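On a predicted model such as this, the values are computed, not experimentally measured, just so you know.
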Amino acid sequence: MKITVTKIVSMTSNVEATVNELSINANVRVRNNDTIEGVDSGSVNNSTGNQLASFSYYGSNNLNVNYNNIENGNVAAVSTAINDFIKELEKNPSLVSTANTNEI
């Protein structure tokens with residue numbers, strides 16, 4: 001039996017980023033034409049490693065965020081960090097379609 005891969009139509013990359021002192025780790029799905037399909041799972045941690053939120057994103061502005069017992073003042077900062085992260089992914093999808101150490 002001969003098996004041949006002709007092209008990759010979709011892949012998932014684990015992506016890490018730092019946005020305004022918050023750490024984001026997310027599994028991002030990318031199509032072969034370098035467009036973001038979505039974020040299956042993501043988390044936002046503070047500088048001491050405490051998880052502040054988890055999120056998923058399914059394109060077309062469908063964002064689900066679960067906050068983990070954080071103070072009201074942090075909700076805005078976490079929301080902004082997630083939105084900035086997603087905007088950057090959509091602006092530069094080719095950066096997450098291959099393993100690299102480039103800053104986004």
Side-chain angles (χ1 to χ4, degrees):
M1 174 188 303
K2 180 180 177 184
I3 298 174
T4 305
V5 176
T6 59
K7 66 180 178 178
I8 296 174
V9 294
S10 181
M11 64 177 274
T12 301
S13 297
N14 182 263
V15 179
E16 296 178 346
T18 302
V19 181
N20 299 328
E21 299 182 17
L22 297 174
S23 299
I24 296 179
N25 185 303
N27 292 325
V28 180
R29 283 180 288 114
V30 183
R31 293 206 50 82
N32 69 334
N33 61 352
D34 286 334
T35 58
I36 301 298
E37 285 185 324
V39 177
D40 293 327
S41 60
S43 62
V44 180
N45 293 359
N46 63 13
S47 60
T48 60
N50 294 321
Q51 187 180 62
L52 302 177
S54 59
F55 67 96
S56 56
Y57 174 70
Y58 299 104
S60 301
N61 300 318
N62 293 314
L63 175 64
N64 298 315
V65 180
N66 295 310
Y67 297 97
N68 298 336
N69 196 24
I70 61 175
E71 296 176 13
N72 288 338
N74 290 334
V75 170
V78 169
S79 294
T80 298
I82 293 170
N83 282 312
D84 289 350
F85 174 72
I86 290 170
K87 285 178 188 174
E88 196 64 37
L89 288 176
E90 290 181 332
K91 187 170 77 176
N92 296 304
S94 62
L95 293 176
V96 297
S97 62
T98 59
N100 67 61
T101 56
N102 294 337
E103 281 191 26
I104 355 186

Donor-acceptor contact present, side-chain T35 to main-chain R31, <3.5 Å: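 No, because the side chain of T35 does not come within donor-acceptor range (under 3.5 Å) of the backbone of R31.
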Within the side chain of N50, is there an N or O that forms a donor-acceptor pair under 3.5 Å with the backbone of N46?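 No; judged by distance alone, with no hydrogens or angles, the pair does not exist.
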With a 4.5 Å limit on heavy-atom distance, are the side chains of V44 and V65 in contact?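 Counting from C-beta outward, V44 and V65 never come under 4.5 Å.
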Measure the shortest side-chain to side-chain distance between V15 and F85 over non-hydrogen atoms and say whether it is less than 4.5 angstrom.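 A side-chain contact under 4.5 Å exists here.
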Review item, side-chain donor-acceptor pairs of residues 17-24, under 3.5 Å, at least two apart:
none

How many angstroms lie between atom [atom1] of [X] and atom [atom2] of [Y], to the nearest 0.5 angstrom?
X: N27; Y: S56; atom1: CG; atom2: OG; answer: 11.5 Å
X: Y57; Y: N64; atom1: OH; atom2: CG; answer: 11.5 Å
X: L63; Y: I82; atom1: CG; atom2: CD1; answer: 6.0 Å

Presence of salt bridge, K87 and E90, under 4.0 angstrom: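 Salt bridge absent between E90 and K87.
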Within residues 39-54 or reaching into it, pairs that qualify as salt bridge (charged side-chain N to carboxylate O under 4.0 Å, His left out) - sequence neighbours excluded: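 Every salt bridge (charged side-chain N to carboxylate O under 4.0 Å, His left out) pair that includes a residue of residues 39-54, provided the two are not neighbours, is R29-D40.
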Minimum heavy-atom distance between N45 and Q51, given as atom pair plus value: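 Smallest interatomic distance, heavy atoms only, reads OD1-CA, 3.2 Å.
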List the atom of P93, the atom of V30, and the distance in Å for their closest heavy-atom pair.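 Heavy-atom minimum between the residues: O-CG1, 4.4 Å.
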Is Y58 reachable from L89 through a run of hydrophobic residues whose side-chain heavy atoms are each under 4.5 Å from the next?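 No, no single cluster joins them.
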Under 3.5 Å side-chain donor-acceptor pair for N25 and S43: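 Short answer, no.
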Show your working on side-chain contact (heavy atoms from CB on, under 4.5 Å) between N68 and L52 and close with a plain yes or no. CA-CA 5 Å; N68 298 336; L52 302 177; 5.9 Å; no
